[in-house]
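Everything below concerns the one structure shown next.
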Amino acid sequence: MELSQVEQYATGAHASLATCDSLEALASWHQQHLAKAGELTAFKKSVGKVAPEERKAFGMGVNQIAGKLEAAFKQKTTELKDAELALRLASENIDVSLPARPHRVGGYHPLTLMLREICGVFRDMGFTVYESPHVELDEMSFQLLNIPKHHPARDMQDTFFVSEDVVMRPHTSPGQIRAMRELGPGPVQVILPGMCYRNEDISARSEIQFHQVEGVLVGEHVRFSDLKGILLNFARRLFGPDQAIKMRGSYFPFTEPSVEVDIKCTLCHGEGCRICKHTGWLELLGAGLMHPVVLKNGGYDPTKVRGIAFGLGVARLALLRHQIEDIRLFFQNDCRFLSQFQ
Ligand code: FA5
């Protein structure tokens, strides 16, 4: 074995290294030449076959050649990696001057916001929140509220029956009985917010599910004027210090006397407009002094204790607040509509 043979081999190896144009090609070049089983190793091993007096020079020569090949391999590797990186950077070029994509965040439903605002106003007046079931006994929803079976007043709400004795509550009033029974016999001052269900024709003003907030105040010194004060304060907190309300005589089996409360149109301030159907007033809620039968069913002596109750529709207030004309918009889940209230 002569050193010149190794030099000749090395010239060929350098030449083929120069033609490598990818990291894969480079890896197979390395496999062929510099790896343990590669050609250079074979030359290194052949040192034993060289004549003893030439062995030293041969060994040094081979090592020198090996060092050069390794250095060339390293340099080529760096070159190819740099080239690949440059190519990748060029293809992944990001234009940092482009505007960012809007990051959409969720928000509360306008009815939830309205409900929270209403609860906040009553909380400031000393009311606490009492939750009562959505799936309710017929007894609680009607009979204990002075509406016996087959009473014509049942027609006031077209109720969804789950079974003969169980209904989807058509109003929050059954919570009156539950609250009095649970929190009595002392004074009670609660609001009952929640969803109600009625089998009604869906229209711009009516849905088959809608929120009500019921208010109940029971105590020895409770009077009808408290009802007026609470509701006037409520209307003024929501719509400003000059807001007027009006009470009209009405009928509910569970209150006596009963009233319906109108609010002076918040849009036209009583002048008459589309929203108030040119009357200047909008119906807001039903209310009254609790009927003695209801107080008794709640566990109170109606000769000693009086109560006031009211039930208001949350969507009605939201319509007024946002000057919307159709309640159905709240339940269509159209993000373009809902996102306006965040
Ligand atoms: C009642 O439900 C009585 N329980 C209210 C009450 C409570 C009277 C306590 C006396 C004492 P009414 O059916 O009028 O009453 O409903 C009250 C409010 O709920 C209405 O003024 C309206 O704002 C809302 N409401 C009723 N039905 C619907 C409906 N289908 N869609 C949307 N809101 C409704």
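For ligands, and for the atoms within them, numbers begin at 1 and follow the listed sequence. Note: hydrogens, waters and symmetry copies are ignored here, and every other heavy atom, side chains too, is used.
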**Message:** Using a 4.0 Å cutoff against the non-hydrogen atoms of Gln212, which atoms of ligand 1 qualify?
**Reply:** 1 (C), 2 (O), 16 (O), 17 (C), 18 (C), 19 (O)

**Item:** Distance-minimising heavy-atom pair for Glu283 and Asp262
**Value:** CA-OD1, 3.2 Å

**Contacting atoms of ligand 1, where contact means under 4.0 angstrom from a heavy atom of Gly313** = 18 (C), 19 (O), 23 (O), 24 (C)

**Request:** Run the salt-bridge test on Arg321 and Glu117 with the 4.0 Å N-O cut-off and return the result as yes or no.
**Result:** yes

**Prompt:** Where does the angle between the aromatic ring planes of Phe127 and Phe122 fall among parallel (under 30°), tilted (30 to 60°) and perpendicular (over 60°)?
**Reply:** perpendicular

**Asked** Would you say Gln209 touches ligand 1, if touching means a heavy atom closer than 4.0 Å?
**Response** no

**Request:** Under 4.0 Å from a heavy atom of Ser206: give me the atoms of ligand 1 that qualify, with their elements.
**Result:** 29 (C), 30 (N), 31 (N)

**Item:** Gln176, any N or O under 3.5 Å of ligand 1 N or O
**Value:** no

**Asked** Would you call Lys296 and Asp301 a salt bridge, taking side-chain N to carboxylate O under 4.0 Å as the test?
**Response** no

**Prompt:** Relative to each other, are the rings of Phe341 and Phe337 parallel, tilted or perpendicular (30° and 60° limits)?
**Reply:** perpendicular

**Asked** Under 4.0 Å from any heavy atom of Ala309, which atoms of ligand 1 are there?
**Response** 9 (C), 11 (C)

**Message:** So for Ala315, does at least one of its heavy atoms come nearer than 4.0 angstrom to any atom of ligand 1?
**Reply:** no

**Prompt:** Which one of Arg169, Arg198, His171, His291 has a non-hydrogen atom at the shortest distance from atom 13 (O) of ligand 1?
**Reply:** Arg198

**Message:** Contact between ligand 1 and Leu284 is defined here as a heavy atom of the residue under 4.0 Å from a ligand atom; is it met?
**Reply:** yes

**Message:** If we set the cut-off at 4.0 Å for heavy atoms, which region of Phe310 has an atom near ligand 1: side chain, backbone, both, or neither?
**Reply:** backbone

**Asked** Any N or O on Glu214 sitting closer than 3.5 Å to an N or O of ligand 1?
**Response** no

**Message:** Does ligand 1 come near enough to Ser173 that some N or O of the ligand is less than 3.5 Å from an N or O of the residue?
**Reply:** yes

**Item:** side-chain hydrogen bond (donor to acceptor under 3.5 Å, both in side chains) evaluation trace for Asp201 with Ser203
**Value:** CA-CA 6 Å; Asp201 291 335; Ser203 71; over 6 Å; no

**Asked** Ala287 heavy atoms, cut-off 4.0 Å: which ligand 1 atoms fall inside?
**Response** 8 (C), 10 (C), 11 (C)

**Prompt:** Does Thr255, backbone or side chain, put an N or O under 3.5 Å from an N or O of ligand 1?
**Reply:** no

**Prompt:** Taking the hydrophobic residues Ile, Leu, Val, Met, Phe, Trp and Tyr, and joining any pair whose side-chain heavy atoms are under 4.5 Å apart, which ones share a cluster with Val105?
**Reply:** none

**Prompt:** Taking only residues two or more places apart in sequence, or in another chain, which ones meet Asp165 in a salt bridge (Lys or Arg N to Asp or Glu O under 4.0 Å)?
**Reply:** Lys149

**Prompt:** Which heavy-atom pair separates Tyr300 from Pro302 by the least distance, and what is that distance?
**Reply:** O-CD, 3.2 Å

**Asked** Is Glu136 salt-bridged to Arg178, going by a charged N under 4.0 Å from an acidic O?
**Response** yes

**Prompt:** With a cut-off of 4.0 Å, which atoms of ligand 1 are near a heavy atom of Glu283?
**Reply:** 21 (O)

**Request:** Quick one: do Thr172 and Cys196 satisfy side-chain contact (heavy atoms from CB on, under 4.5 Å)? Show the steps, please.
**Result:** CA-CA 7 Å; Thr172 40; Cys196 302; 3.8 Å; yes

**Asked** At a 4.0 Å threshold, what atoms of ligand 1 neighbour a non-hydrogen atom of Ile327?
**Response** 32 (C)

**Request:** Between Tyr251, Phe254, Tyr197, flag the one that comes closest to atom 10 (C) of ligand 1 by a heavy atom.
**Result:** Phe254

